[in-house]
Amino acid sequence: MSVSMLTAGAIRDIVTGKTVEQPVLQVLGHKKIAGSGGSATERFRLLLSDGVNSQSSAMLGTQLNYLVLNGELEDNSIVRLDKFICNTIPPDRRVMILLELSIIKRGSEVPGKLGNPVPFKGTAAAGGDANRNPPQQTNEHAASNGAPEQAQQSTGQTNSFYGKNNVTPKAYGNNNLPQTPGGSTPKVYPITALTPYQNRWTIRARLTNKSNIRTWSNSRGEGKLFSMTFTDESGEIRATAFKAEVDKFYDILEVNKVYYVTKATLKTANKQYSSVDNDYEMTLNRDSQIEECTEDVDLPTVTFNFTPINALGNMAPNTTVDVIGVVKSVADVSTIIAKATQKELKKREVSLVDQNQVMINLTLWGETAEGFDGSNHPVLAIKGARLSDFGGRSLSTLSSSQLIVNPDIEEAHRLKGWYDRDGHNLDFQQYRNEGGQGGSGGATNWKSFAAVKQENIGATEKPDYYSAKGTVIFMRKENCMYQACPKMDCNKKVVDQSNGLYRCEKCQLEYPNYKWRMILSANLADYSDNQWVTCFQETTETLLGKSADELGSLRESDEASFDQIFQEATFKSYTFKLRAKQETYNDESRLKTIVVNATPIDYREYNRKLIQDIEKMAGMI
DNA sequence: CCCCCCCC
């Protein structure tokens, strides 16, 4: 291992505008860029060295973030830059954007910093080409079509080409301008060149997704809408049609056909709701035109920006991701009742695996669940799946998710080959235990009680679930038991008629007996804070180590022993799964936390989590 | 102008 592995002088050449093919460099460090948001938008900057010089203005394309998130791209790694671009930020700062790279030696296998690199102080001007626009595809297209200066500037400096690697410039060349059916020659722009600041454009793109029509009704009004995705060589963009535009366009648009689209409104995209890789999205308006392109053009179909399964644990929940994996197992369709709407829903559980030997569960809903054929371990690619913490880190389909079984892409063939050869015999690390609903296994959404308050967990009508290691520091033993209706599944409190009979108002009946039920208010503490929680029958029995019946009779016969049980149960620690939700009583709303389950602490699992926390704090991951 | 997406 020596400095001669590195492409000496590459950094000077790149920064001064020379072409350097596949330089081999060392990663000396990496940093999450301050201000970059959650996992959907976070960006990493790398400190690169060629052994002679180092350069800190190197941004990792977001499609490569997973390399940092899953620990593959360690500091000191030796990497080959297979694809990168270098942009000038006026007046003369040069920023590299890494689009594809190969890890030649992992950081742990490299003794340390190779050579004695010094920061390269030169700029684009040092090479005498400060005024030359560096070759950069998006700029070239815009320029060749006579785009206004503003468009060139904004496209040259946004991040909109992160993750794009399928640009074929010829489609936009002057000699190749398409004719619309009307015969006029539109200015065809690459999708990545569109911004809200520019309004005379036409794109030519394939319709790669089209939702059903949906209606909405809220305080701001009601209406109907559908959304769609257009894809060209440069990238993709989401578009939405409302009301009149639904009537105008829904029926004429067919998935996989190519269209010219012009005169729609551009606005900033809310990344939380879609994995479509564009900072902007379109709203169709009354002036919008969409016409089919009947020429035979070679445009990509759905494009993906896959996150490997083992990196999904490090991302923020409720984001939307693209995932590919082999269907390891598939369950039958089952039915649940939605709590909020009481509607009956069909679902199907699928588990997906990939070469990193991690398995994740995916829930399919509705027609997607019913129509899914997971036999013979197909490869499944999903665009726009939602990351959730249901039963541990998991995935769920949205109505906008696109599922493609055995897609004809390289990743899919590689996965299938791997699975048929080796994968089917391997064991997989799981984000949750098989059938482990309610078990502690796979607890991923760990929170400290201080974090729960700080992050306003449970501040909405919708419940939040989290796991916490907690110690029971107090239990309110008064009123923790009640005499309940003996009828199975009734559990309503009965009234003692003082004549040997117990009346249930719900059943409108009097019974000669009752059963004991428990509802316990307890205070849990961790290192950071404490939290009042409510336990029902089963969890109370777990914490006290006695059944409700035993406790009920003990309370009546031997109060000292009854108290003793509570004393002994205090100061015990568990892994709690908790449900937090805002509840309103008499116009006063407060956080209510219910214990879903309490399980003995799995110290192996818990220590793994602590080690990961420490590594995060140390900036190691 | 939606952005609900369900289960513990």
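Treat the numbers as computed from the prediction; the structure is a model and nothing was measured. By convention in this document, chain letters (A, B, ...) are assigned in the order of the sequence lines, proteins followed by strands, and residues within each chain are numbered from 1. All heavy atoms count here, side chains included; hydrogens, waters and symmetry mates do not.
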Per-pair distances, 0.1 Å, donor-acceptor, side chain in residues 330-338 of chain A, under 3.5 Å, sequence neighbours excluded:
none

Rounded to the Å, how far apart are N212(A) CG and dC5(B) C1'? 13 Å

Looking at dC2(B), I'd like to know if its phosphate oxygens (OP1 or OP2) sit under 4.0 Å from a side-chain N or O belonging to W216(A). yes

Ranking dC7(B), dC3(B), dC5(B) by distance to the side chain of L398(A), first place goes to dC5(B)

Does the side chain of K515(A) come under 3.5 Å of the side chain of N491(A) through a donor N or O and an acceptor N or O? yes

From the options dC2(B), dC7(B), dC1(B), select the nucleotide whose nearest atom is closest to the side chain of K243(A). dC1(B)

Anything under 3.5 Å between a donor and an acceptor, one on a side chain of residues 241-253 of chain A, the other on a protein residue two or more places apart or in another chain? List them.
unit_1	atom_1	unit_2	atom_2	d
D247(A)	OD1	K224(A)	NZ	2.7
K248(A)	NZ	R286(A)	O	3.3
Y250(A)	OH	S211(A)	O	3.3

Using OP1 and OP2 only, check whether a side-chain N or O of R386(A) sits under 4.0 Å from dC6(B). yes

Give the rounded distance in Å between these two atoms: CD1 of I213(A) and P of dC4(B). 20 Å

Is the shortest side-chain N/O distance from K224(A) to OP1 or OP2 of dC1(B) below 4.0 Å? no

Nearest to the side chain of L345(A) - dC8(B), dC6(B), dC2(B)? dC6(B)

Does the side chain of S227(A) get closer than 4.0 angstrom to OP1 or OP2 of dC3(B) through an N or O atom? no

For I336(A), answer base if it contacts any base atom (sugar-phosphate contacts may also be present), sugar-phosphate if it contacts only those atoms, and nothing otherwise; contact means non-hydrogen atoms under 4.0 Å. sugar-phosphate

Mind checking R238(A) for me? I need base, sugar-phosphate or nothing, with any heavy atom below 4.0 Å counting as a touch. base

Once you round it to whole Å, what is the distance between C1' of dC7(B) and CG of L362(A)? 14 Å

Counting only side-chain N and O atoms of R214(A), is one of them less than 4.0 Å from OP1 or OP2 of dC5(B)? no

Okay, side chain of T320(A), backbone of Q272(A): is any donor-acceptor separation there less than 3.5 Å? yes

Just N and O in the side chain of K346(A): are any of them under 4.0 Å from OP1 or OP2 of dC7(B)? no

Per Y465(A) side chain, nearest of listed nucleotides dC7(B), dC2(B), dC8(B): dC8(B)

Looking only at the side chain of E281(A) (C-beta and beyond, no hydrogens), which of the listed nucleotides dC3(B), dC7(B), dC5(B) gets closest? dC3(B)

When rounded to whole Å, the CD to P distance for the pair Q272(A) and dC2(B) reads 14 Å

Have T208(A) and T301(A) got a donor and an acceptor in their side chains that come within less than 3.5 Å? no

Round to a whole Å and report the spacing from CG of L364(A) to P of dC7(B). 16 Å

Nucleotide dC6(B), atom P - distance to CG of D464(A) in whole Å: 12 Å

